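Shown next, in structure tokens, is the structure this report addresses.
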Amino acid sequence: MPLPTFRTLANGLLCSLLPPVCQICADPGERGHELCGACSLTLPWHSDGCARCALPLHEDADALCFRCEESPPPLDACWASLRYEDPVSGLLLRYKFHSDLAAGRLMANLMALNPPPWALAPLVAVPLHPSRLRQRGYDQAAELARLIGAPRWKGLRRIRATAPQSERNADARRHNLDGAFGVVGEVPQAVVLVDDVMTTGSTLHACAEALRKAGCQQVNAWVCARVP
Ligand SMILES: [Zn+2]
Ligand SMILES: [Zn+2]
């Protein structure tokens, strides 16, 4: 693991000394959170998604979308705490691409405020390839899983570097991930995959397939934000 930068250490120290400030508008935070009352009212909470892919349905919480009915995905259940809309999309971009770890801390807090309706098995973060981790200096999904504070299992590895998914269509995304994930050690019976953003789900599905191949019986996923 890379050492924390001076900025990270300084931020951590300042956070423990200063009252919390809203991560969106910089007003004072409310009740000890890094979010003010006005901004917290703008959050796109998500609760009415398909039970297996979290796609917004505007129906029953237990319902499945057409696609999951037709061909069930390798995830048994999927929960998104938020929708990938303003201001969540901006916070996640700051967290993922601009080393804004305070935004990541807020996102983990928001995930914990809207947790999945099912029991939590050990959390398994969608891993970064070591070369990407070296570039970025931190692993955004692993940080979210750590900050949520539930038990974790760390045996899922990215064994092959892949091109960024954001530049590909759905079909290319699936093939891009063939053989990208592997498992080290004995896999638990049930796990909950954790990631920051879910778009088509191809990354989570590739992880779920690797975990199932290694003997995992139940693979659920919990993401911070679902692209509608
Ligand atoms: Zn605010
Ligand atoms: Zn679905």
Side-chain angles (χ1 to χ4, degrees), residues 11 14-15 18-95 98 100-118 126 165 169-171 173-174 177 192-209 211-212 218-228:
N11 277 347
L14 283 176
C15 286
L18 298 172
V21 164
C22 178
Q23 287 291 326
I24 298 169
C25 73
D27 274 359
E30 204 172 59
R31 282 173 290 155
H33 293 296
E34 292 174 290
L35 200 62
C36 74
C39 289
S40 62
L41 291 176
T42 69
L43 292 172
W45 294 111
H46 188 36
S47 58
D48 52 0
C50 165
R52 293 188 72 165
C53 76
L55 201 69
L57 282 183
H58 312 291
E59 283 169 32
D60 229 344
D62 290 328
L64 294 185
C65 72
F66 172 75
R67 198 175 294 179
C68 291
E69 288 272 16
E70 286 286 292
S71 68
L75 295 172
D76 294 294
C78 182
W79 180 257
S81 297
L82 296 145
R83 293 180 198 217
Y84 193 73
E85 291 168 4
D86 245 8
V88 165
S89 46
L91 287 162
L92 282 170
L93 286 172
R94 274 164 48 187
Y95 174 43
H98 302 282
D100 190 339
L101 299 179
R105 198 167 54 231
L106 174 61
M107 299 327 293
N109 283 337
L110 296 180
M111 288 176 80
L113 285 173
N114 188 19
W118 21 263
V126 169
Q165 289 289 81
N169 66 25
D171 230 25
R173 279 172 183 241
R174 265 195 304 279
L177 293 165
V192 176
L193 283 164
V194 171
D195 208 357
D196 52 348
V197 180
M198 178 176 182
T199 307
T200 64
S202 52
T203 306
L204 289 165
H205 294 170
C207 290
E209 274 155 10
L211 288 160
R212 286 192 192 282
Q218 190 184 1
V219 186
N220 292 2
W222 179 12
V223 298
C224 181
R226 177 68 156 105
V227 176

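Order of appearance sets the numbers: ligands from 1, and atoms from 1 within every ligand. Bear in mind the structure is a predicted one, so any value in this text is a computation, not a measurement. Computed over heavy atoms, backbone and side chain alike; hydrogens, waters and symmetry mates excluded.
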ask   = With a cut-off of 2.8 Å, how many protein N, O or S atoms neighbour the Zn ion (ligand 2)?
value =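 For the Zn ion (ligand 2), protein nitrogen, oxygen or sulfur atoms under 2.8 Å: 4.
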
task = Give a yes or no on whether the backbone of Asn114 and the side-chain of Trp79 come within a donor-acceptor separation of less than 3.5 Å.
result =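 Looks like yes, one N/O pair under 3.5 Å.
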
Roughly how far apart are [X] [atom1] and [Y] [atom2], rounded to 0.5 Å?
X: Cys78; Y: Leu55; atom1: SG; atom2: CG; value: 9.5 Å
X: Met107; Y: Ser81; atom1: CE; atom2: OG; value: 8.5 Å
X: Leu204; Y: Asn220; atom1: CG; atom2: CG; value: 11.0 Å
X: Leu110; Y: Leu91; atom1: CG; atom2: CG; value: 8.0 Å
X: Cys224; Y: Leu92; atom1: SG; atom2: CG; value: 4.5 Å

ask   = Which residues pass the side chain to side chain contact (heavy atoms under 4.5 Å, CB included) test with Glu85, sequence neighbours left out?
value =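 With neighbours one apart ignored, the set is Pro44, Arg83, Pro228.
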
query = What are the two closest non-hydrogen atoms of Arg212 and Asp76, and how far apart are they?
reply =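 Between these two residues, the closest heavy atoms are NH2-OD2, 2.7 Å.
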
key: side chain to side chain donor-acceptor pair (under 3.5 Å) pairs, two or more places apart, involving residues 24-33   =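 As it turns out, there is no side chain to side chain donor-acceptor pair (under 3.5 Å) pair with a partner in residues 24-33 once direct neighbours are skipped.
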
request  = Please report how many protein N/O/S atoms lie under 2.8 Å from the Zn ion (ligand 1).
outcome  =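 Of the protein's nitrogen, oxygen and sulfur atoms, 4 lie under 2.8 Å from the Zn ion (ligand 1).
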
